[in-house]
Protein chains: 2
Amino acid sequence: MGTVANGKQVKKIKSLLAIQSEVQSSNRIALSVDCVIFGFDENKLKVLLMRSDLKKYQSKWSLLGDLVKPDEDLDAAAYRILKQRTGLDDVYLEQVHSFGKINRHPGGRVVTVAYCSLINIQHHKLKILDNELHWHDVASVKDLAFDHKTIFDLSLQRLQKRVQEHPLGFSLLPNKFSLRELQNLYEAILSIKLDRRNFRKKFFAMNFLVDMDEIEQNLPHRPGKLYKFDYDKYEKNKKKWSGIDF
Amino acid sequence: MGTVANGKQVKKIKSLLAIQSEVQSSNRIALSVDCVIFGFDENKLKVLLMRSDLKKYQSKWSLLGDLVKPDEDLDAAAYRILKQRTGLDDVYLEQVHSFGKINRHPGGRVVTVAYCSLINIQHHKLKILDNELHWHDVASVKDLAFDHKTIFDLSLQRLQKRVQEHPLGFSLLPNKFSLRELQNLYEAILSIKLDRRNFRKKFFAMNFLVDMDEIEQNLPHRPGKLYKFDYDKYEKNKKKWSGIDF
DNA sequence: AAAATATTGTGTTTAATTTACACAATAAAT
DNA sequence: ATTTATTGTGTAAATTAAACACAATATTTT
């Protein structure tokens with residue numbers, strides 16, 4: 001009972017158990033975050049993947065993930081992990097869903113929380129692109145490590161839905177973009193063809209596009225005007241169109 | 001190094017560390033599930049709450065929650081916890097969001113995954129109703145234990161959105177219901193008034209209501225016809241109306 | 001049994017939104 | 001000057017949503 005075992009192992013016990021008093025330590029579980037980072041390039045929707053950490057999965061690509069630390073906010077962990085894996089620290093992350101099947105991870109019991117983000121590939125040249133990270137065409141993502149294909153599929157679905165309710169797409173485009181680029185983006189995300197005239201009508205009606213008085217350069221045909229997304233105008237006109245299908 | 005300390009504490013170490021080899025045990029975190037159970041009674045939307053386990057929060061109500069076990073699927077944990085707290089085992093639970101602020105729980109670091117469900121109060125007389133559980137009016141839920149008010153608010157928002165995209169509401173009603181009851185339900189969930197004629201038109205057009213050839217009983221005025229929700233018809237006509245605002 | 005009460009059941013008109021669709025204007029390349 | 005590829009624009013038809021009123025019917029009251 002009162003006997004105290006000396007040595008490293010006992011220290012381990014104490015540090016393990018000290019943090020949380022009322023919560024039984026035997027019930028603790030490893031928790032990870034996996035980030036689904038979408039980009040848009042060459043008129044295709046892309047997703048940023050990394051080579052799996054684990055040997056068993058070395059041949060497969062995986063989402064950008066890592067364990068959450070016990071003294072770290074869940075959201076903060078997502079930002080930390082993204083920063084760590086890519087160097088990116090100025091992007092918005094949004095929680096998608098948590099995945100907790102018992103054997104989803106070969107290294108043991110790990111529950112993971114998926115986050116997703118939209119980034120502009122041009123503006124965010126990845127600092128850490130040492131062959132461990134790669135932008136994949138969303139359309140050609142086949143199997144990923146662990147259950148990451150499931151996570152990716154749900155995240156894509158979520159993106160498709162979100163983008164029809166809110167003007168999120170802009171974070172995937174350069175600051176100045178033509179309406180054709182914008183339409184290409186929506187077509188890529190939703191995997192559908194849209195009518196050009198109706199598309200333009202709808203976006204102009206929403207009243208958050210600002211004409212930059214510039215046109216596209218170096219095209220072998222008539223160039224389009226360039227616009228930017230005005231966040232303040234968006235906030236002001238929100239209620240009028242929020243929830244409308246694009 | 002090789003010294004082995006005898007006694008209970010060493011056993012504890014081993015059992016703690018044995019389960020997961022590759023995943024560092026120092027990174028493990030307590031994980032819980034909290035269930036937001038909605039019901040509908042007396043034309044009001046209700047939520048099932050329990051008295052908080054913790055002394056510190058005894059005066060407050062809390063969501064139905066408990067820790068997830070290390071060898072248990074996340075979804076399974078939600079069903080287990082609901083069963084344990086209420087006796088209910090035939091309801092559908094849906095994951096809402098995970099909450100992981102560092103100090104959200106006074107008992108230590110606990111990340112929680114919220115689930116929500118719609119149940120029919122009449123059909124599911126709670127087996128365990130020993131003053132520890134109570135159906136609260138959603139409208140009058142003020143502060144709850146921990147961050148449960150935040151969790152509840154988000155779950156309600158989610159419900160309001162979901163119910164406009166899919167015909168979920170039926171699980172809150174008796175098998176046979178009048179159109180007035182159905183409308184009351186939608187008005188309660190969305191906190192808005194709906195036009196009776198347009199409401200009826202919309203639901204009949206969706207073509208999943210079956211006329212039971214019965215009418216309401218014991219009313220001091222003209223009774224309404226009773227209908228039931230036909231899941232097969234719903235599946236068949238899904239595409240035609242899915243996503244339409246009710 | 002007649003009258004009062006409270007609610008059900010039903011249709012139409014108008015407005016708003018979505019869809020379908022074609023041609024002239026323009027910048028670059030030849 | 002011509003060709004090329006794409007931009008920019010408007011209208012009509014169809015669909016969907018919103019607004020709105022009165023007769024029919026069980027029950028209760030007198």
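Below, chains carry the letters A, B, ... as their sequence lines are ordered, and counting in each starts from 1. A quick note: this is a predicted structure, and the numbers were derived from the prediction, not measured.
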Rounded to the nearest Å, what distance is computed from the [atom1] atom of residue [X] to the [atom2] atom of nucleotide [N]?
X        : N      : atom1 : atom2 : answer
B:Asn184 : C:dT7  : CG    : C1'   : 12 Å
A:Arg180 : D:dA5  : CZ    : P     : 15 Å
A:Ile192 : C:dT18 : CD1   : P     : 14 Å
B:Phe204 : C:dT8  : CZ    : P     : 12 Å
A:Lys202 : D:dG10 : NZ    : P     : 19 Å
A:Leu194 : C:dT19 : CG    : C1'   : 12 Å
A:Glu214 : D:dT7  : CD    : C1'   : 17 Å
A:Leu179 : D:dT7  : CG    : P     : 9 Å

What side-chain donor-acceptor pairs closer than 3.5 Å can you find for residues 188-195 of chain A, not counting sequence neighbours?
from     : atom 1 : to       : atom 2 : distance (Å)
A:Lys193 : NZ     : A:Glu187 : OE1    : 3.4
A:Asp195 : OD1    : A:Arg197 : N      : 3.1
A:Asp195 : OD1    : A:Asn198 : N      : 2.9
A:Asp195 : OD1    : A:Asn198 : ND2    : 3.4

All side chain to side chain donor-acceptor pair (under 3.5 Å) counterparts of [X], not counting sequence neighbours:
X        : result
A:Asn175 : none
B:Ser32  : B:Thr112
B:Lys142 : none

Item checked: Base versus backbone protein contacts along nucleotides 20-30 of chain C [heavy-atom cut-off under 4.0 Å; B, S, -] -> BBB--BBBS--
Next item on the list: Could you list the residues that satisfy ring-ring contact (aromatic ring centres under 6.0 Å, His included) with A:Tyr92, not counting sequence neighbours?
Entry: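 With sequence neighbours excluded, A:Tyr92 shows a ring-ring contact (aromatic ring centres under 6.0 Å, His included) to no residue whatsoever.
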Check: Do any side-chain nitrogens or oxygens of A:Arg200 fall under 4.0 Å of OP1 or OP2 in D:dG8?
Finding: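 Yes, A:Arg200 has a side-chain N/O under 4.0 Å of OP1/OP2 on D:dG8.
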Next item on the list: Decide if atom NZ of A:Lys228 counts as having more than 12 heavy atoms of other residues, nucleotides or ligands within a radius under 6.0 Å.
Entry: no
